[in-house]
Amino acid sequence: MASTAPTTLRWGIVSTGWIASVFVKDLLVDPKTRDVHDVVHKVVAIGSRSVEKAQEFIDTYAAGDKSIKAYGTYEGVYSDPNVDAIYVGTPHTLHYINARDALKAKKAVLCEKPVTSNAAELRSLLAIAKENNVFFMEALWTRFQPLVKDLKKIAEGGSLGEVIMMQADLCADFGVEKLSKSHRILNPDLGGGALLDLGPYPLVWAIIALYEHPSNNGARPSVINGSMIKTPLTNVDSNTSFTLSFTPTSSSTLSAQANLTCAINVRGNDPSVTIRYRHGTIHVAAPPYCPKWFKVEYFDDKGKIVREEKRVYEYVGGGWHFQADEVARCIRDGKIESEGWGWDKSLLEMDIFDEVRRQGGYVFPKGVEQVV
Ligand SMILES: NC(=O)c1ccc[n+]([C@@H]2O[C@H](COP(=O)([O-])OP(=O)(O)OC[C@H]3O[C@@H](n4cnc5c(N)ncnc54)[C@H](OP(=O)(O)O)[C@@H]3O)[C@@H](O)[C@H]2O)c1
């Protein structure tokens, strides 16, 4: 049988911070190690605000590969004809400008979470992606991990009954008292605080377990309640809790609630996600962005646990490469949007975050939001 050569996606990387380094390390992992044979990745350009930093990044994370071009501006990457797709790894409040400029240069874009500062910025980006007919996706990497695929099969297979309630948590102790106030976690100009940085992960689980549940049929939550505590250090949110209520509509039967929490000043829960069904419970390991196991408890008619099943996952790399494979496949197939993490989900996320910030009184400093 003739074998088909895998599709190569050529990546340009915008910024040289922590997340860019782990993403590039994952791009350089041989896809065959995760049983992927149809796509491969090549890093061809790194863009930084300083060319020395870009070269240092190549030396450190790509063994000084001479075929990778170092640019001292992000624009260099946008206009490089060898680049197919651009990964944006700058702080939140810069995502809009960086993704916009890349899309206008007709490059496909994978943009870090949270995809923008607000929903208006995202709507503007999606219009630009459509206008230029180019692929755009938020880097919600959790959604593409093999654990999620298996969990969804069980959760949607019917043996657990209706989904009723879920909790999901992502907290981390950043030692904020010792952190510089200009650090992106504390700095309101960079969209600091718990909600925008950590909130996408409890939310991704509410989207996986409730929004994507077949009984919901794509309906949005009818009620969003949010509460924030601000740190006196810079007035960004140190702790945020938000609740989403999904109630039946003319086209959906789901009646379920998600209680979601995030904080920058305390360790997180483990397990980090609990999804409760009429006939059982699914527990997902911490951290919720890249869990390595989940456990299902099945109940009898009296609610007693009669069976348990645990699945454990291992692979080479950090888990960011699964989303890169999705981007490569979508572009190969001529899509401008992923089905796994489509634009509707990023829009739902940003609309929820806008509402929670409104209820919590979190207003960005003037000039931060590029579109309002
Ligand atoms: N998916 C995940 O697992 C994950 C994990 C952590 C963070 N993130 C997301 O990734 C983004 C970056 O986080 P990070 O932890 O990588 O941040 P970081 O280490 O501070 O890196 C951010 C990079 O952005 C560039 N940059 C451009 N303008 C900047 C400015 N005004 N201030 C600071 N940096 C600026 C810098 O690169 P140059 O100097 O080279 O231009 C910097 O190295 C955030 O949106 C965050 O939510 C995602």
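Reckoned from all heavy atoms, side chains included, excluding hydrogens, waters and symmetry mates. In this text the structure is predicted, and so the values were computed from the model without any measurement. Indexing begins at 1, ligand by ligand and atom by atom, following the structure's order.
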N/O contact list for ligand 1, threshold under 3.5 Å:
from: ligand 1; atom 1: 1 (N); to: Glu112; atom 2: OE1; distance (Å): 3.0
from: ligand 1; atom 1: 1 (N); to: Trp141; atom 2: NE1; distance (Å): 3.4
from: ligand 1; atom 1: 1 (N); to: Tyr201; atom 2: OH; distance (Å): 3.1
from: ligand 1; atom 1: 3 (O); to: Trp141; atom 2: NE1; distance (Å): 3.3
from: ligand 1; atom 1: 3 (O); to: Tyr201; atom 2: OH; distance (Å): 3.4
from: ligand 1; atom 1: 3 (O); to: Trp320; atom 2: NE1; distance (Å): 3.2
from: ligand 1; atom 1: 13 (O); to: Arg184; atom 2: NE; distance (Å): 3.1
from: ligand 1; atom 1: 15 (O); to: Arg184; atom 2: NE; distance (Å): 3.2
from: ligand 1; atom 1: 15 (O); to: Arg184; atom 2: NH2; distance (Å): 3.2
from: ligand 1; atom 1: 16 (O); to: Trp18; atom 2: N; distance (Å): 3.2
from: ligand 1; atom 1: 16 (O); to: Ile19; atom 2: N; distance (Å): 2.9
from: ligand 1; atom 1: 17 (O); to: Arg184; atom 2: NE; distance (Å): 3.2
from: ligand 1; atom 1: 19 (O); to: Trp18; atom 2: N; distance (Å): 3.0
from: ligand 1; atom 1: 28 (N); to: Arg49; atom 2: NH1; distance (Å): 3.3
from: ligand 1; atom 1: 37 (O); to: Thr16; atom 2: N; distance (Å): 3.4
from: ligand 1; atom 1: 39 (O); to: Arg49; atom 2: NE; distance (Å): 3.2
from: ligand 1; atom 1: 39 (O); to: Arg49; atom 2: NH2; distance (Å): 3.1
from: ligand 1; atom 1: 39 (O); to: Lys53; atom 2: NZ; distance (Å): 2.5
from: ligand 1; atom 1: 40 (O); to: Thr16; atom 2: N; distance (Å): 3.1
from: ligand 1; atom 1: 40 (O); to: Thr16; atom 2: OG1; distance (Å): 2.5
from: ligand 1; atom 1: 40 (O); to: Ser48; atom 2: OG; distance (Å): 2.6
from: ligand 1; atom 1: 41 (O); to: Arg49; atom 2: N; distance (Å): 3.0
from: ligand 1; atom 1: 41 (O); to: Arg49; atom 2: NE; distance (Å): 3.2
from: ligand 1; atom 1: 41 (O); to: Tyr74; atom 2: OH; distance (Å): 2.5
from: ligand 1; atom 1: 43 (O); to: Gly17; atom 2: N; distance (Å): 3.2
from: ligand 1; atom 1: 45 (O); to: Thr90; atom 2: O; distance (Å): 3.3
from: ligand 1; atom 1: 45 (O); to: His92; atom 2: N; distance (Å): 3.4
from: ligand 1; atom 1: 45 (O); to: His92; atom 2: ND1; distance (Å): 2.8
from: ligand 1; atom 1: 45 (O); to: His95; atom 2: NE2; distance (Å): 3.1
from: ligand 1; atom 1: 45 (O); to: Lys113; atom 2: O; distance (Å): 3.3
from: ligand 1; atom 1: 47 (O); to: His92; atom 2: ND1; distance (Å): 3.3
from: ligand 1; atom 1: 47 (O); to: Lys113; atom 2: O; distance (Å): 2.8
from: ligand 1; atom 1: 47 (O); to: Lys113; atom 2: NZ; distance (Å): 2.9
from: ligand 1; atom 1: 47 (O); to: Asp197; atom 2: OD1; distance (Å): 3.3

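Taking the six-membered ring for Trp and thresholds of 30 and 60 degrees, His321 and Tyr315 have ring planes more than 60 degrees apart, a perpendicular arrangement.
Contacts classified as side-chain hydrogen bond (donor to acceptor under 3.5 Å, both in side chains) and involving residues 254-264 (residues at least two apart or in different chains) are given here: Asp169-Thr261, Thr243-Asn259, Ser245-Gln257.
Dense packing is recorded around CZ of Arg332, with more than 12 heavy atoms of other residues, nucleotides or ligands lying under 6.0 Å away.
Considering only residues two or more places apart in sequence or on other chains, His92 meets the side chain to side chain donor-acceptor pair (under 3.5 Å) condition with none of them.
Because its NZ or CZ atom is not both nearer than 6.0 Å to the ring centre of Trp11 and within 45° of the ring axis, Lys42 does not count as a cation-pi partner of that residue.
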List the atom pairs, with distances to 0.1 Å, where a side-chain N or O of residues 118-125 and a protein N or O form a donor-acceptor pair under 3.5 Å, not counting sequence neighbours.
from: Asn118; atom 1: OD1; to: Ala120; atom 2: N; distance (Å): 3.1
from: Asn118; atom 1: OD1; to: Glu121; atom 2: N; distance (Å): 2.7
from: Asn118; atom 1: ND2; to: Glu369; atom 2: OE2; distance (Å): 2.9
from: Asn118; atom 1: ND2; to: Val371; atom 2: O; distance (Å): 2.9
from: Glu121; atom 1: OE1; to: Ser117; atom 2: N; distance (Å): 2.9
from: Glu121; atom 1: OE1; to: Ser117; atom 2: OG; distance (Å): 3.4
from: Glu121; atom 1: OE2; to: Gln370; atom 2: N; distance (Å): 2.7
from: Arg123; atom 1: NH1; to: Asp351; atom 2: OD1; distance (Å): 3.2
from: Arg123; atom 1: NH2; to: Asp351; atom 2: OD2; distance (Å): 3.0
from: Ser124; atom 1: OG; to: Tyr96; atom 2: OH; distance (Å): 2.7

